[in-house]
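Only this structure's heavy atoms are used, side chains among them; waters, hydrogens and symmetry mates stay out.
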Amino acid sequence: MPSDRFEQEFVQKTVSAQQAIARIRSGDRVYVGSNCGHPVTLTAELVNHADRLSGVEVVHLATFGPAPYVEPGLRESFRHVAFFIGPNTRAASDAGRVEYMPVFLSDIPRLFKSGQLGLDVALVSVSPPDDHGFCSLGVSVDIGYAACRSARSVIAEVNPNMPRTLGDGFLHVSEIDAFVAVETPIIEFSSSTSDPVTAQIGRNIAVMIDDGATLQTGIGAIPSAVLNALGDKNDLGIHTELFGDELVAAIERGNVNCRQKTLHRDRVVATFVLGTRPTYDAIHNNPFFYLAPTEYVNDPNVIARNDRMVAINGALEVDLTGQVVADSIGSRIYSGIGGQVDFIRGASLSKGGKPILTLPSTARGGEVSRIVAQLAPGAGVVTSRADVRYVVTEYGVAYLHGKTLRQRALALIRIAHPSFRDALLAQAKELGLVPQDQPSVEVNYPAHLAREIHLNDGTALWLRPILPTDDQLLRRHFHTLSPEAVHHRFHRAIRMLSDRVVSDLVNVDYQRHMALVATERVGEVETIVATARAIFNDVDMTAELAFAIIDPYRGRGLGRVLLAALIDHARSQRIVALKGYIEQDNRAMIHLMETCGLPYAVTHEEDMKVFTLEVTPTRSAPQVPAPDRSDLPSRSSL
């Protein structure tokens with residue numbers, strides 16, 4: 001309890017719910033505390049005064065308690081303006097009894113403070129005052145702090161069950177006009193249960209998270225799946241709009257300690273909490289958790305001060321150009337803008353940041369695709385296509401930033417549900433997003449083959465199967481090859497790759513034609529330094545090899561790694577032999593073939609040696625000695 005200095009003021013201001021709500025007048029604009037900080041007793045009492053009130057405007061974010069003021073028959077007494085449509089107001093919104101205001105969560109406090117959306121009364125829930133007379137907004141600082149600072153009158157439920165959270169969410173007894181004492185359980189919220197789809201999405205995203213990154217996650221099945229998939233990730237930080245039970249579990253597992261954060265080191269930063277009682281107990285009086293208002297936590301410039309910021313946000317629908325719908329299903333408002341754009345832009349500005357948008361590939365039990373050629377009529381774009389970097393479904397990751405509409409469409413079709421890819425490609429052709437002769441997007445992309453590799457000198461590269469969107473990267477790779485490397489690869493001097501050839505080289509089926517690329521990655525910039533192909537012949541179950549490596553990476557063991565990868569893949573496809581057509585002057589590659597550890601035969605064809613390497617399913621990947629040079633050219637099958 002507060003000291004004597006403040007105790008008397010607190011006691012004098014403590015009144016019944018009826019007396020407190022009597023302060024509200026017709027025509028007032030009333031803010032109601034949000035999320036699990038919803039003041040249930042005050043809200044119920046507000047509706048008890050419906051007969052004497054008219055034109056009262058109720059504003060708030062999502063709330064998880066009852067919302068009786070939106071019930072039919074109360075329209076003359078109460079008008080609800082929502083910044084976010086939650087489950088308790090969705091039916092009323094569909095029926096036209098709720099008005100939706102699209103606004104960034106970081107911007108709402110400005111509406112209050114500037115008077116553009118001036119508040120008369122704020123109804124909130126707080127913890128009991130401490131010895132210095134300060135009450136905490138507990139689990140819901142968010143926009144409630146600005147609401148209390150801006151409103152003419154502040155009415156607070158004071159509840160000993162409300163955790164006292166530290167940070168910038170305190171109100172002094174002198175700033176609150178009336179207290180209503182309650183002792184009810186704080187609203188609890190449990191995340192959606194994960195399923196195989198969301199679990200796979202979680203794994204796809206977890207792979208993108210580096211040790212020491214700072215995360216923003218929401219509430220729901222996918223954010224929960226991400227936190228549950230962190231595995232052996234270490235030293236992660238948190239700067240997020242909200243969190244729940246899964247974050248506390250990740251902290252207990254040791255994944256999250258905030259030690260490498262560049263802003264608020266050693267602190268979890270958030271603006272509200274949606275959880276259950278154990279989580280509320282964990283954050284009570286705990287300096288590890290710092291709760292602050294949205295005008296700070298959600299400010300993109302503040303978010304960007306966190307290096308390696310990974311922002312993870314959900315979407316309802318994404319079109320093939322990258323436009324993101326997150327608050328509506330067609331013209332039906334389903335949720336709100338919230339903090340998605342705040343964090344997407346903040347992570348984009350962060351050093352090493354990764355802004356991620358995620359969604360299951362289908363809806364309605366698999367009946368409709370969430371990746372669409374064109375957005376549903378009436379759907380609103382929350383995140384523009386210029387803001388989008390990464391889009392993740394259970395089928396993989398599409399990186400869109402700096403990509404043309406054609407590249408975006410192909411990347412998104414690849415991570416759509418296989419049942420809808422052909423239709424999406426046909427629609428993309430009709431819309432002129434991709435050329436009419438664009439081959440089908442391969443449905444069996446072998447993402448499991450992607451991995452980090454290391455050269456003899458320790459240099460790390462990324463090895464992965466080629467993508468249809470690698471066309472520009474492949475062109476740049478070709479033009480960085482030396483004339484000698486071009487001749488070894490194509491067995492003739494050529495100055496360019498035609499569009500048709502490039503299309504054939506990037507659109508492969510990964511079975512009869514496997515193509516791997518080794519890339520150097522610096523941040524979001526990826527450069528192909530080598531390509532390796534195995535083009536299969538179904539008649540004799542052999543495959544022809546074709547390699548190209550730029551000069552700075554020759555002689556460093558890259559050819560050995562590429563050959564081993566193709567041998568492993570050939571075995572998985574029951575290929576019995578690999579053939580390499582090598583020019584007589586390519587001594588390094590001849591040496592590699594002779595010392596690769598596989599039985600081989602040599603024949604001659606014109607001015608080339610033809611090596612036939614025997615591949616059997618029982619042999620392990622060869623341990624190939626490092627050659628003098630790592631260029632492994634062959635006769636190309638273009």
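- For K261 and D266, the salt-bridge test fails: no basic side-chain N is under 4.0 Å from an acidic carboxylate O.
- Residues F243 and F289 bring their aromatic ring centres within 6.0 Å.
- Between R110 and E295 there is no salt bridge, since none of the side-chain N atoms of the basic residue sits less than 4.0 Å from a carboxylate O of the acidic one.
- Q19 places a side-chain N or O within 3.5 Å of a backbone atom of S16 that can act as its donor or acceptor partner.
- D130 places a side-chain N or O within donor-acceptor distance of the main-chain N or O of G133, the cut-off being under 3.5 Å.
- With N159 contributing its side chain and N161 its backbone, the two residues share a donor-acceptor pair below 3.5 Å.
- Comment: D210 does not engage K233 in a salt bridge, judged by the lack of any side-chain N to carboxylate O separation of less than 4.0 angstrom.
- Looking only at distances, a side-chain donor or acceptor of H172 sits under 3.5 Å from a matching main-chain atom of H132.
- When the shell of 6.0 Å around CD of Q116 is examined, it contains 12 or fewer heavy atoms from other residues, nucleotides or ligands.
- The stretch residues 316-341 participates, sequence neighbours left out, in these salt bridge (charged side-chain N to carboxylate O under 4.0 Å, His left out) pairs: D94-R332.
- Under a 3.5 Å cut-off, the side chain of T393 and the backbone N or O of A416 do not form any donor-acceptor pair.
- With a 6.0 Å cutoff to the six-membered ring centre and a 45° limit on the axis angle, R267 does not count as a cation-pi contact of F288.
- Looking at N313, D342, T240 one by one, the single match for side chain to side chain donor-acceptor pair (under 3.5 Å) with Q216 turns out to be N313.
- Here H49 and Y69 keep their ring centres 6.0 angstrom or further from each other.
- Pairs of residues two or more places apart, or lying in two chains, that qualify as salt bridge (charged side-chain N to carboxylate O under 4.0 Å, His left out) and include a residue from residues 379-396 are R345-D387.
- Salt bridge annotation for D120-R29: absent, with no cationic side-chain nitrogen under 4.0 angstrom from a carboxylate oxygen.
- Ring orientation note: the planes of Y296 and H239 are tilted relative to one another, at an angle of 30° to 60°.
- Aromatic pair F64/H38: ring centres not closer than 6.0 Å.
- Ring geometry, Y399 versus Y390: the interplanar angle falls from 30° to 60°, so the pair is classed tilted.
- Proximity of a side-chain donor or acceptor of R164 to a complementary backbone N or O of S127 within less than 3.5 Å is not detected.
- One N or O on the side chain of E241 and one on the backbone of G339 form a donor-acceptor pair closer than 3.5 Å.
- Other residues, nucleotides and ligands contribute at most 12 non-hydrogen atoms within 6.0 Å of the CZ atom of R259.
- Considering CZ of F189 and CG of D245, their distance stands at 10.0 Å, rounded to 0.5 Å.
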### Message
Run the ring-ring contact (aromatic ring centres under 6.0 Å, His included) test on H417 and Y395 for me, step by step, so that the C-alpha distance in whole Å, both residues' side-chain angles and the decisive distance to 0.1 Å come before the verdict.
### Response
CA-CA 7 Å; H417 193 283; Y395 290 99; 5.5 Å; yes
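- With T262 contributing its side chain and D307 its backbone, the two residues share a donor-acceptor pair below 3.5 Å.
- Considering all non-hydrogen atoms of both residues, G380 and S328 come closest at N-OG, 3.2 Å.
- When all heavy atoms of P163 and Y280 are compared, the closest pair comes out as CB-O, 3.5 Å.
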